[in-house]
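Written below as structure tokens is the structure these notes are about.
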Amino acid sequence: MSASESPAEILPPQVTRIEESGKLPKLRVETPWSTAEVYFQGAHVTAFQEKGEAPLLFLSKQSQFIPGKAIRGGIPLIFPWFGNREGHPAHGFARTAEWNLVDAVSHADGRVTLRFSLPEHLSPLRVQYAVTVAEDLKLEFSVQNPTQEAQQVEACLHSYFNIGDIARTSVTGLQKVPFIDQLDGNRIKSESFPELRISEEIDRIYIAVPAVLEIHDETRKRKIRLETENSRSAVVWNPWIAKSQRLGDFGDEEYREMLCVETGNVAGNTWNLVPGGHLGMKARLSSFQ
Ligand code: TA6
């Protein structure tokens, strides 16, 4: 029985499994405030949209939805490493693995929670991920180390946000925060401006970030708020023109309508899980005018 047919799929009426031939199986969630979609591959949230609002997340029109290939957009789960690793998939294997659905719960107040677990044969660690859909999107990622050795891992919610125009977008909350500039020899620099604006390719790993970051989308007159717990890193990425053209699953012009602000614990903030240890991180994504 594949993970997407796990017995836990006694789904509440707000959750529908969609399995079209030749396509990756996914769950669609309807709440009084919003809709969402989550693929079993990677426990990958690909859509979240409040009723009457523009989608919160960006999903490339050229994403390929091929088993074993990361979906371009939404919220890829980066684990157990961030970045490239010789002979292994970039950003770890979690985002291309088929996760098990532990349960789908419709709460009395209308919220819906989907809980996923990484199949045990893929990692000696016990990894769980809960997605709660309401007027906002809550994500909780946790790792438990049942082994007798300490384990070092990186974990990151690689969130792609849908914006009206990158030229009229800024990120606040990063002023004075040091960052690793992945486009300049991984030099350590410091953010000097209260508002980060983007006019070229950007690929920065901010370290020791505050718990609240905001994306100001001037075109849509909306702010996207990221509220995190136990996430000391934030990665800001936009491929801009040249890299967009090199990416096979990303439109040449799509850099204009997306921005990655990824939250987690990577680079200098790698998690050290002692034997029997447990670590977790949370993110609440919301938007407001
Ligand atoms: O977001 C940071 C980053 O590491 C960038 O360097 C870029 O490679 C991006 O992730 C996307 O990576 P992917 O493996 O999904 O193409």
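One is the number of the first residue; the rest follow in order along the sequence. In listed order, ligands and their atoms are each counted from 1. Hydrogens, waters and symmetry mates are skipped; everything else that's a heavy atom, side chains included, is used.
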For residues 280-289, which side-chain donor-acceptor pairs fall under 3.5 Å, sequence neighbours excluded?
{"unit_1": "R284", "atom_1": "NE", "unit_2": "D136", "atom_2": "OD2", "d": "2.4"}
{"unit_1": "R284", "atom_1": "NH1", "unit_2": "E227", "atom_2": "OE1", "d": "2.3"}
{"unit_1": "R284", "atom_1": "NH2", "unit_2": "D136", "atom_2": "OD2", "d": "3.2"}
{"unit_1": "S287", "atom_1": "OG", "unit_2": "E50", "atom_2": "OE2", "d": "3.3"}
{"unit_1": "Q289", "atom_1": "NE2", "unit_2": "E53", "atom_2": "OE2", "d": "3.2"}

In residues 70-94, what donor-acceptor pairs under 3.5 Å come from side-chain atoms, sequence neighbours left out?
{"unit_1": "R72", "atom_1": "NE", "unit_2": "D249", "atom_2": "OD1", "d": "3.0"}
{"unit_1": "R72", "atom_1": "NE", "unit_2": "D249", "atom_2": "OD2", "d": "3.4"}
{"unit_1": "R72", "atom_1": "NH1", "unit_2": "Y160", "atom_2": "OH", "d": "2.8"}
{"unit_1": "R72", "atom_1": "NH2", "unit_2": "D249", "atom_2": "OD1", "d": "3.2"}
{"unit_1": "W81", "atom_1": "NE1", "unit_2": "P89", "atom_2": "O", "d": "3.0"}
{"unit_1": "H91", "atom_1": "ND1", "unit_2": "G83", "atom_2": "N", "d": "2.7"}

Side-chain donor-acceptor pairs under 3.5 Å in residues 261-277, sequence neighbours left out?
{"unit_1": "E262", "atom_1": "OE2", "unit_2": "H158", "atom_2": "NE2", "d": "3.3"}
{"unit_1": "N265", "atom_1": "OD1", "unit_2": "R232", "atom_2": "N", "d": "3.1"}
{"unit_1": "N265", "atom_1": "OD1", "unit_2": "R232", "atom_2": "NE", "d": "3.1"}
{"unit_1": "N265", "atom_1": "ND2", "unit_2": "N230", "atom_2": "O", "d": "2.9"}
{"unit_1": "N269", "atom_1": "ND2", "unit_2": "R232", "atom_2": "O", "d": "3.3"}
{"unit_1": "N269", "atom_1": "ND2", "unit_2": "S233", "atom_2": "OG", "d": "2.8"}
{"unit_1": "T270", "atom_1": "OG1", "unit_2": "A267", "atom_2": "O", "d": "2.8"}
{"unit_1": "N272", "atom_1": "OD1", "unit_2": "Q152", "atom_2": "NE2", "d": "2.3"}

Provide the closest heavy-atom pair for Q128 versus R115 in the form atom of the first, atom of the second, distance.
OE1-NH1, 3.8 Å

Every residue of the protein that comes under 4.0 Å of ligand 1, judged on heavy atoms
R72, F82, H91, R95, H158, D203, V235, W237, K243, E262

Does K23, at its NZ atom, have more than 12 non-hydrogen atoms belonging to other residues, nucleotides or ligands within less than 6.0 Å?
no

Is a donor from one side chain sitting under 3.5 angstrom from an acceptor on the other, for T113 and H107?
yes

